[in-house]
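Keep in mind that what you see is a predicted model, and the values were worked out from it rather than measured.
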Amino acid sequence: MFDLFEKTTFGCSKLITRSYSTSFTLGIQTLDRKFHDPIYGIYGFVRYADEIVDTFHDFDKKTLLSRYGDETYRAIEEGISLNPVLHSFQKVVKQYNIERELIAAFLESMEMDLENKVYDRNAYDKYIYGSAEVVGLMCLRVFCEGDGALFDKLKVYAQSLGAAFQKVNFLRDIQSDFSERGRVYFPNVDFNDFSVNGKKQIEEDIQKDFDNAYIGILGLPGGARKGVYLAYCYYLKLFERIKRISAARIQQERIRVPDTTKLALLAKIWVQRSLNTI
């Protein structure tokens with residue numbers, strides 16, 4: 001019966017992923033089936049931590065986040081949690097030897113959002129690493145299945161992919177982050193006077209991350225490559241849409257990729273994969 005308990009905990013993380021992100025759900029579904037539950041487990045964990053910070057406005061966020069972190073480490077230590085999200089996550093951590101340093105860096109970045117409103121360069125780099133790059137590294141641990149040499153080879157590219165995704169999110173979410181929460185992630189940027197040149201400099205930095213990440217995607221195991229490439233293509237499509245709009249407009253609306261476009265990307269990648277072009 002314990003197997004049934006564990007199945008339901010991963011089912012909860014799967015439900016969270018499907019409810020919060022159609023793009024990541026599509027990406028996970030195109031991974032080899034053996035990777036589905038582990039990646040759902042990672043996404044559920046990071047999604048709920050982020051949710052504490054971004055939406056639990058009527059509660060003591062700092063206490064809740066601290067408790068979430070404590071319960072995470074306790075779950076890893078004891079090998080069980082009655083919190084289904086934390087149980088599935090600790091299972092993934094143990095199976096794939098995910099470093100505690102990655103978990104600590106992630107939780108620290110979430111804590112930074114409770115205090116920081118304007119990020120300087122050092123805080124920005126630290127936040128990008130903890131909130132996004134380490135998530136890419138957690139997923140890479142899963143994809144490499146214990147192959148330490150492959151992990152070391154692809155590590156820097158996984159970090160670039162996580163950074164690219166996060167920076168695109170920052171651009172997409174300027175309206176809510178700045179207008180509603182007063183956050184300015186990009187260093188030396190004044191969103192009260194957001195210029196064309198300022199937007200262009202940010203975009204050039206993001207493009208470098210995308211270019212570097214693509215190299216790593218080509219080196220991923222076959223069972224992971226298609227799903228990661230789909231997520232890459234989705235975010236690249238979103239990035240291209242953002243680049244085409246004005247600096248003023250991006251502060252007024254949240255740019256999206258329609259579901260029809262996501263499905264078209266999925267079909268394209270299935271064809272590319274069948275032709276061994278990715």
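- Cation-pi geometry between Arg183 and Tyr119 is not met: the NZ or CZ atom fails to fall both under 6.0 Å from the ring centre and inside 45° of the normal.
- For the side-chain contact (heavy atoms from CB on, under 4.5 Å) with Ile98, the lone residue among Ile42, Ile76, Leu137 that qualifies is Ile42.
- Between Phe186 and Phe170, the ring-plane angle classifies as perpendicular under the 30° and 60° cut-offs.
- Judged by distance alone, the side chains of Asp211 and Gln207 do bring a donor and an acceptor atom under 3.5 Å apart.
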Please report the C-alpha distance between Asp205 and Lys208 in whole Å, then the side-chain angles of each, then the deciding distance to 0.1 Å, and finally whether the salt bridge (Lys or Arg N to Asp or Glu O under 4.0 Å) criterion is met. CA-CA 5 Å; Asp205 177 58; Lys208 291 177 183 177; 5.9 Å; no
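- At a cut-off of 3.5 Å, with distance as the only test, no side-chain donor of Ser81 or Gln90 sits close to an acceptor on the other residue.
- In this structure, Arg172 and Arg241 have side chains that are not in contact, with every pair of non-hydrogen atoms separated by 4.5 Å or more.
- Listed here is the closest heavy atom pair of Ser160 and Ala213: CB-N, 4.0 Å.
- Considering every non-hydrogen atom in both Pro221 and Leu150, the closest pair reads CG-CD2, 3.9 Å.
- Contact check for Leu140 versus Leu220: side-chain heavy atoms found under the 4.5 Å cut-off.
- Contact record, His87 with Thr9: CD2-OG1, 3.6 Å, taken as the closest heavy-atom pair.
- In this structure, the side chain of Lys199 engages the main chain of Ile242 through a donor-acceptor pair within 3.5 Å.
- The 12-atom threshold is exceeded at CD of Glu240, counting heavy atoms of other residues, nucleotides or ligands nearer than 6.0 Å.
- Residue-environment remark: NZ (Lys117) exceeds the threshold of 12 foreign heavy atoms within 6.0 Å.
- With rounding to the nearest 0.5 angstrom, the OH atom of Tyr235 is 13.5 Å from the CG atom of Asp209.
- Side-chain contact check for Tyr127 versus Ser109: some heavy-atom pair is nearer than 4.5 Å.
- Atoms CD and NZ, on Glu6 and Lys91 in that order, are 3.5 Å from each other to the nearest 0.5 Å.
- Side chain of Ser66 to main chain of Thr63: no donor-acceptor pair is present (N/O by atom type, distance under 3.5 Å, no hydrogens or angles).
- Atom CG of residue Leu107 and atom CZ of residue Arg100 lie 12.5 Å apart, to the nearest 0.5 angstrom.
- Distance check, rounded to the nearest 0.5 Å: OG1 of Thr25 to CD1 of Ile39 gives 12.5 Å.
- When hydrophobic side chains of Ile, Leu, Val, Met, Phe, Trp and Tyr are connected at separations under 4.5 Å, Phe2 ends up clustered with Phe5, Ile80.
- A continuous path of ILVMFWY side-chain contacts below 4.5 Å connects Val156 to Tyr232, so both sit in one hydrophobic cluster.
- With hydrogens and angles disregarded, no donor-acceptor distance shorter than 3.5 Å links the side chain of Ser21 to the backbone of Thr17.
- Both Leu64 and Leu114 belong to a single network of hydrophobic side chains, linked directly or stepwise wherever heavy atoms of I, L, V, M, F, W or Y lie under 4.5 Å apart.
- Between Ile52 and Phe59 there is no side-chain heavy-atom pair separated by less than 4.5 Å.
- No more than 12 heavy-atom neighbours from other residues, nucleotides or ligands sit within 6.0 angstrom of CG on Leu82.
- Counting heavy atoms of neighbouring residues, nucleotides and ligands inside a 6.0 Å radius, atom NZ of Lys155 does not exceed 12 of them.
- Put simply, OH on Tyr129 and CG on Leu102 are 5.0 Å apart, with the number rounded to the nearest 0.5 Å.
- Among the candidates Tyr96, Phe151, Phe35, the single residue satisfying the ring pair (Phe, Tyr, Trp, His ring centres under 6.0 Å) test with Phe143 is Phe35.
- In this structure, Lys61 and Val53 have side chains that are not in contact, with every pair of non-hydrogen atoms separated by 4.5 Å or more.
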Worksheet item: Stepwise, does the side-chain contact (heavy atoms from CB on, under 4.5 Å) test hold for Tyr68 with Leu86?
Response: CA-CA 9 Å; Tyr68 190 72; Leu86 297 184; 3.8 Å; yes
Output, in order, the C-alpha distance, side-chain angles, deciding distance and verdict of salt bridge (Lys or Arg N to Asp or Glu O under 4.0 Å) for Asp125 and Arg121. CA-CA 6 Å; Asp125 291 341; Arg121 170 55 62 178; 3.3 Å; yes
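- A tilted orientation is assigned to the rings of Tyr43 and Phe24, their planes being inclined by 30° to 60°.
- Taken to the nearest 0.5 Å, the CG atom of Asn169 stands 11.5 Å off from the CD1 atom of Ile174.
- When side chains are defined from C-beta on, His36 does not count as touching Lys14, because their heavy atoms never get closer than 4.5 Å.
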Quiz item: Yes or no on side-chain contact (heavy atoms from CB on, under 4.5 Å) for Leu171 and Ile206, after CA distance, side-chain angles and deciding distance?
Solution: CA-CA 10 Å; Leu171 272 180; Ile206 295 173; 3.7 Å; yes
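- For the pair Leu218 and Arg225, the tightest heavy-atom approach, listed with the atom from each and the gap, is O-NE, 3.7 Å.
- Residues Ile215 and Phe239 fall within the same hydrophobic cluster, defined by Ile, Leu, Val, Met, Phe, Trp and Tyr side chains chained together at heavy-atom separations under 4.5 Å.
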Tell me, with the steps shown, if Glu115 and Lys62 meet side-chain contact (heavy atoms from CB on, under 4.5 Å). CA-CA 10 Å; Glu115 306 293 340; Lys62 187 171 184 177; 4.2 Å; yes
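- Here the closest non-hydrogen pair linking Ile128 and Ala163 is CG2-CB, 3.8 Å.
- No side-chain heavy atom of Phe89 sits less than 4.5 Å from a side-chain heavy atom of Val85.
- With contacts defined as side-chain heavy-atom distances shorter than 4.5 Å, the pair Phe165/Tyr234 does not qualify.
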_Trace of the side-chain contact (heavy atoms from CB on, under 4.5 Å) decision for Met110 with Val46_ = CA-CA 9 Å; Met110 294 300 97; Val46 301; over 6 Å; no
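- Residues Gln166 and Ala132 come closest through the heavy atom pair CB-CB, 3.5 Å.
- Under a hydrophobic clustering in which Ile, Leu, Val, Met, Phe, Trp and Tyr are joined whenever their side-chain heavy atoms come within less than 4.5 Å, directly or via other members, Tyr20 and Leu15 fall into different clusters.
- Environment of NZ in Lys243: crowded, with over 12 heavy atoms of neighbouring residues, nucleotides or ligands closer than 6.0 Å.
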